[in-house]
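Remarks on the structure that follows.
Numbered from 1 within each chain, the chains take letters A, B, ... in sequence-line order.
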Amino acid sequence: MKAPVTPHPDAATLGAYHDGEVRGVVLSELESHLAACAQCRSVLSSSGAVDAALRALPLVEPPDVRDAVVARARSGRRWRDAPRPRRPRRRIAAGVTGVLAALLGLIAGYDILMQAHSPSVALPSASTNHGAASFRQQGGFATVQRGAPTLRVVTPANRASGAAAGPANDTSGAAAGPAGPRPTHGAQSSAAPAGLDGRLVARTGVVDLRVPDVQRAFHAVSALAVHAGGYVSDSFDNAAGSASGAASLTLHVPAASFQATMDRLAALPHDKVTARSSSVDITGDYHDLQAQLQALQATRAQLLSLMRKAGSIRDAMSVLDRLTSVDTTIDSVQGQLMARTNSVMLSTITVNLAPQPRKGVVVAPRRPRAQWQPGRTLADALGHVGRALQAIVTAAIYLLVYLALPALLVVPVVLTRRLRRRPYP
Amino acid sequence: MLMADRRQGVPAEPAPPLEQSAFDEFYSTYRAPLYNYIYRLVGDRELADDLLQDTFVKVLRALGNLPTGPGRTPWLYRIATNTCYDALRRRRLIAWLPWTRDYTAETVRRGDTPGERYAVAEGVQDALRAVPLNLRAPLLLHAVHGFCYADIAVALGISEAAVKMRVSRARAAFRQAYTVTEEER
């Protein structure tokens with residue numbers, strides 16, 4: 001037999017030829033090759049043998065599953081419906097999930113909202129608790145800080161009394177030449193920021209900051225005060241000395257910059273910040289002092305005129321004594337008025353700086369490694385497991401409660417759907 | 001043989017929903033061939049019983065979407081094949097199949113002597129067990145159920161070229177396994 005002219009086809013092609021799946025040009029080529037190649041013919045016959053062996057397998061009697069199939073099909077849906085009986089379950093599952101998610105979102109959002117509005121003072125954020133705004137509007141006052149300076153504010157009443165007192169002072173000053181020049185504690189009509197309704201309000205603030213670098217914060221606060229148009233009146237700096245040193249400063253800033261300065265202080269880099277501010281309405285106080293001053297000045301004028309009329313030196317001397325004490329009192333009252341003016345024009349902010357507690361282990365370097373203590377480890381592990389179990393149980397309780405509501409909503413719906421399905425007659 | 005004619009798959013519009021009488025006819029037509037296919041594929045009688053039921057339930061549900069006429073048959077076997085694959089995957093039996101030698105319940109429709117039938121069947125089933133599952137399906141569909149490559153492609157969701165390759169490899173695997181088992185006797 002002559003050698004085949006075409007190359008041997010692969011087993012798959014021969015198998016396809018055996019199965020009648022080869023057509024066209026390939027078929028004719030294959031047939032001509034097979035006519036000349038005994039090897040390929042034997043491969044071909046073995047394909048047929050495999051198929052014959054499989055066909056020779058005995059047929060197995062199938063079970064009768066008709067009733068079971070019908071029952072299962074009936075339980076799912078009616079015959080004439082479109083398929084996909086799982087859709088209602090998918091809808092229910094989607095609905096339950098949506099309700100759960102909405103509930104959880106509501107509860108979480110409610111918690112967040114409640115937390116944001118709680119009047120907590122020690123929030124680790126840049127919020128400051130300013131009740132002063134409401135105080136100012138109401139014209140009330142909170143606490144009276146001893147020694148707080150006061151403000152002199154221009155009001156129509158002040159201006160009139162100041163104007164009235166001014167010339168009297170000058171007059172008395174000029175007239176009291178022999179009694180020595182009296183320094184005129186003038187400047188009674190200095191302009192100063194007034195409250196919304198002409199009230200005099202002194203604002204003070206206290207800011208406690210826990211900062212990573214006390215020295216740097218100290219300088220930043222000083223710069224802040226100057227930048228705001230104020231100054232640092234007191235300062236106490238212990239930061240340079242020791243690692244745990246604290247510092248504090250007392251700032252005076254113009255009242256108009258008080259709020260901005262408080263905000264900037266709270267915005268300094270910090271670990272924790274506490275801010276308080278208070279306002280004192282010193283209008284009544286101020287008016288009292290002014291009335292007192294007027295009375296004293298009237299008395300002084302009377303005494304001066306009395307001294308002019310005095311006949312004897314002894315009389316003049318007694319009047320002079322009285323005059324001296326009145327002058328002293330006037331000095332004091334005017335000093336108080338000045339202080340009050342200052343306190344309203346310049347707000348006081350006390351800043352306390354504390355260092356952050358050192359994070360990490362504070363261990364002396366030469367301390368030897370702690371020994372392995374399996375007993376303590378076991379106790380710790382049991383403690384952790386206990387806490388974890390507590391957390392799991394708590395979570396489970398919450399989940400149960402959260403699920404109870406949507407379950408109450410969903411169960412009736414599911415039951416209604418189930419009851420609505422009628423079996424196929 | 002049950003379906004020995006070669007057919008081309010013909011796309012057709014979906015059948016109308018099934019009436020009970022139509023289902024009975026359908027059930028009686030396909031019960032035996034589907035069961036034999038499933039049984040030879042998975043090799044376990046109890047599993048085959050369950051899978052036959054599952055297949056019929058799925059077929060019923062999908063019947064509205066299946067083509068009518070002769071083009072329906074490959075799709076039925078596709079559902080059966082996927083049902084078997086899913087079950088075996090769940091049971092992790094892809095690599096190994098328990099082969100129950102439950103010959104007593106099998107109906108034999110040949111005229112051979114019992115001894116010959118027993119010997120032939122046992123050897124063939126052992127060899128078939130050695131053929132990998134993904135090769136066994138196309139081999140059974142072609143050799144036992146008479147599917148053409150196009151129908152096998154529909155039933156298994158692969159290309160015709162892949163069918164050709166797999167049938168060939170399945171035969172080779174079967175031959176090799178059968179020779180070994182024959183030598184072991």
Side-chain angles (χ1 to χ4, degrees), chain A residues 8-24 26-27 30 40 42-87 423-425, chain B residues 1 6 17-20 23-24 27-28 31-36 39-40 45 48-49 52-53 56-57 60-65 103 105-110 112 117 120-121 123-125 127-128 139-140 142-144 148-150 160-161 163-172 174-175 178:
Chain A
H8 297 291
D10 58 8
T13 308
L14 283 173
Y17 172 76
H18 170 268
D19 300 337
E21 297 281 344
V22 178
R23 287 171 269 278
V26 182
L27 179 63
L30 205 50
C40 289
S42 74
V43 171
L44 201 62
S45 66
S46 69
S47 300
V50 169
D51 289 9
L54 289 172
R55 278 195 290 273
L57 281 172
L59 292 172
V60 184
E61 185 66 30
D64 188 8
V65 297
R66 182 191 170 279
D67 295 335
V69 168
V70 166
R72 277 173 65 177
R74 267 189 202 164
S75 66
R77 57 177 181 86
R78 295 186 308 167
W79 283 93
R80 290 179 186 268
D81 275 353
R84 322 240 187 292
R86 280 187 200 148
R87 201 176 277 166
Y424 187 76
Chain B
M1 274 306 298
R6 307 284 191 243
L18 197 62
E19 303 275 4
Q20 180 146 4
F23 166 65
D24 288 340
Y27 175 76
S28 61
R31 180 174 74 125
L34 274 178
Y35 183 73
N36 274 274
Y39 171 56
R40 294 301 173 196
R45 287 298 291 268
D49 294 350
L52 181 70
Q53 198 188 117
F56 269 115
V57 172
L60 271 173
R61 289 179 182 160
L63 211 50
N65 298 334
Y103 299 113
E106 292 179 358
T107 305
V108 179
R109 298 177 191 171
R110 293 200 159 268
D112 301 337
R117 288 199 300 269
V120 166
V124 170
Q125 282 175 359
L128 191 58
L139 182 62
L140 285 172
H142 175 74
V144 178
C148 66
Y149 284 10
E160 282 194 40
V163 172
K164 172 177 149 184
M165 183 62 56
R166 289 193 191 185
V167 169
S168 167
R169 285 167 54 196
R171 283 174 176 146
F174 180 87
R175 266 199 301 272
Y178 192 76

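In this structure, the side chain of B/Y39 does not engage the main chain of A/E61 through any donor-acceptor pair within 3.5 Å. Of the possible donor and acceptor atoms, none in the side chain of A/E21 sits under 3.5 Å from a partner among the backbone N and O of B/K164. A side-chain donor-acceptor contact under 3.5 Å links B/R31 to the backbone of A/P63.
When all heavy atoms of B/Y149 and A/A16 are compared, the pair lying nearest together is OH-CA, 3.4 Å.
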Kindly indicate, with the supporting measurements, whether the criterion side-chain contact (heavy atoms from CB on, under 4.5 Å) is fulfilled by A/V65 and B/D49. CA-CA 8 Å; A/V65 297; B/D49 294 350; 5.7 Å; no

Walk me through whether B/R45 and A/V60 qualify under side-chain contact (heavy atoms from CB on, under 4.5 Å). CA-CA 10 Å; B/R45 287 298 291 268; A/V60 184; 3.3 Å; yes

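Of the listed residues (A/S46, A/G15, A/A68), the one with the most heavy-atom contacts under 4.5 Å to chain B is A/S46. For the set A/A49, A/S47, A/A11, the entry with the most heavy-atom pairs within less than 4.5 Å of chain B is A/S47.
For chain A, the nearby part of B/V167 is the side chain; its heavy atoms alone come within less than 4.5 Å. Contacts between B/F56 and chain A at a heavy-atom distance below 4.5 Å involve backbone atoms as well as side-chain atoms. Only the side chain of B/Y27 comes within contact range of chain A, with at least one heavy atom under 4.5 Å from a heavy atom of that chain.
Interatomic distance, CE of B/M165 versus OG1 of A/T13, reported as 7.5 Å (0.5 Å rounding). Of the inter-residue distances, the one linking A/L54 atom CG with B/R171 atom CZ reads 9.0 Å to the nearest 0.5 angstrom.
With contacts defined as side-chain heavy-atom distances shorter than 4.5 Å, the pair B/V144/A/L57 does not qualify.
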